[in-house]
Amino acid sequence: MGMVVEAEAYAGPEDRASHARFGPRSRATTMFGAPGRAYVYGVYGMHTCLNVVTGPAGLAAAILIRSVVPIEGIGSMRAARLARAIATRRMAAANPHAEHARIACLPAALVAAGPANLAAAFDVQLADDGLDLLDPASPLRLEAGSLDGTTRAIIAAARIGVAYAGPGWVDRPWRFVATQAPTPSPDKLA
DNA sequence: AGTTGGATGGTCT
DNA sequence: GACCATCCAACTG
């Protein structure tokens, strides 16, 4: 359990950065469906990323969850990170002990920071694509909440890793970061 | 502190 | 056959 502190908005087919641009018959089929569902995709052969379809159905808009600050169950998140690393990275599989140590030393704020790390921490798999995140019985859920006292401000910035999108889409400030201490997604904050 | 390149496989042209 | 909505380790200076 944790609090979402970083997310990116992706619009429908007109958004040159969105997977929806490949149409409803692509891997992004779920984006065109009902809102409140999980759109999960794989990238770089070893990572999965979690989106929330915002709908309404047919619009194909979704939110990429980039970072979560753990509130509860950090131990399971670290364990899931380790399991995912061993399953995907040969280097980690070669010496799991070193990988275990690395993850164990990770600051709590970084355990679920970054879209692929977050997916690993919550054990989000490709098979979870289409999951109803609003169903109380779902193993993976999205619940409404309020920002806690640690949030200082919410910054809007350009989306990450979408250089291929044309002008007008690359710089669109659709990335939102709830600035905390320490800052999430240490890679690129801008 | 910032930059570069390797891992690794499904998806799209 | 090229390209990734990424992460990490190994460089440079």
Side-chain angles (χ1 to χ4, degrees), chain A residues 4-32 37-54 59-68 77-78 80-107 109-130 156-177 182-190:
Chain A
V4 177
V5 293
E6 182 182 3
E8 282 175 1
Y10 286 87
E14 74 278 7
D15 182 356
R16 303 307 292 162
S18 176
H19 288 173
R21 73 189 187 280
F22 296 120
R25 303 269 307 168
S26 68
R27 77 177 140 173
T29 303
T30 310
M31 284 186 73
F32 290 81
R37 312 294 267 255
Y39 164 47
V40 182
Y41 68 89
V43 71
Y44 296 113
M46 55 176 85
H47 299 302
T48 61
C49 296
L50 171 68
N51 296 254
V52 182
V53 178
T54 56
L59 197 69
I63 301 287
L64 169 68
I65 310 297
R66 289 195 61 91
S67 290
V68 163
M77 295 186 198
R78 292 188 197 274
R81 282 283 305 270
L82 177 62
R84 183 68 60 97
I86 290 176
T88 56
R89 282 182 49 213
R90 289 198 61 172
M91 294 287 286
N95 42 354
H97 197 270
E99 187 66 14
H100 172 82
R102 192 186 71 83
I103 294 177
C105 292
L106 225 49
L110 297 185
V111 171
N117 288 333
L118 166 129
F122 284 82
D123 194 29
V124 178
Q125 308 176 25
L126 287 177
D128 293 327
D129 183 61
R159 294 174 292 183
I160 290 178
V162 296
Y164 55 84
W169 296 106
V170 184
D171 299 323
R172 199 163 292 226
W174 281 357
R175 171 168 172 255
F176 302 94
V177 183
T183 58
S185 194
D187 285 18
K188 313 161 183 179
L189 196 66

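Here is the naming used below: chain letters follow the sequence lines, and residue numbers restart at 1 for every chain.
Contact annotation: A:His19 side-chain N/O to C:dA5 OP1/OP2 distance is under 4.0 Å. Checking the phosphate oxygens (OP1, OP2) of C:dA5, no side-chain nitrogen or oxygen of A:Arg66 falls inside 4.0 Å. One finds no side-chain N or O of A:Arg89 lying less than 4.0 angstrom from the OP1 or OP2 phosphate oxygen of B:dG6. Phosphate contact (OP1/OP2 of C:dC8, side-chain N/O of A:Arg90, threshold under 4.0 Å): absent.
Summarising the geometry, atom CG belonging to A:Asn117 is positioned 3.5 Å from atom CZ belonging to A:Arg81; distances are rounded to the nearest 0.5 Å.
Taking every side-chain heavy atom of A:Arg27 into account, B:dT11 is the closest of B:dT11, C:dC4, C:dC7. Nearest to the side chain of A:Asn117, among B:dA7, B:dC12, C:dC7, sits C:dC7. The side chain of A:Val43 lies closest to C:dC4, out of B:dC12, C:dC4, C:dC8. When distances are taken from the side chain of A:Tyr164 to each of C:dA5, C:dC7, B:dC12, the shortest belongs to C:dA5.
On a pure distance criterion of 3.5 Å, a polar donor-acceptor pair joins the side chain of A:Tyr41 and the base of C:dA5.
Between A:Tyr39 atom OH and C:dA5 atom C1' there is a gap of 9 Å when expressed in whole angstrom units. In this structure, A:His47 atom NE2 and B:dG9 atom P are separated by 12 Å, rounded to whole Å. As a whole-Å value, the separation of A:Leu118 CG from C:dA5 C1' is 13 Å. For the pair A:Arg25 CZ and B:dT11 P, the interatomic distance rounds to 14 Å; values are reported in whole Å. What separates CE of A:Met46 from P of C:dC8 is a distance of 11 Å, to the nearest Å. Separating the CG atom of A:Leu126 from the P atom of C:dC4 is a distance of 19 Å, rounded to the nearest angstrom.
Taking every heavy atom of both residues into account, A:Ala20 and A:Gly12 meet most closely at CB-C, 3.7 Å.
Stacking of A:Arg159 on the aromatic ring of A:Tyr10 is recorded, both the 6.0 Å distance cut-off and the 45° axial limit being met.
Checking B:dG5 for Watson-Crick or G-U wobble geometry (two distances, each under 3.5 Å) identifies C:dC8 as its partner.
Heavy-atom contacts from other residues, nucleotides or ligands closer than 6.0 Å to CZ of A:Arg16 number 12 or fewer.
Stacking between A:Tyr10 and C:dA5 is shown: the ring centroid lies under 5.5 Å from the centre of the six-membered base ring, and the planes differ by under 30°.
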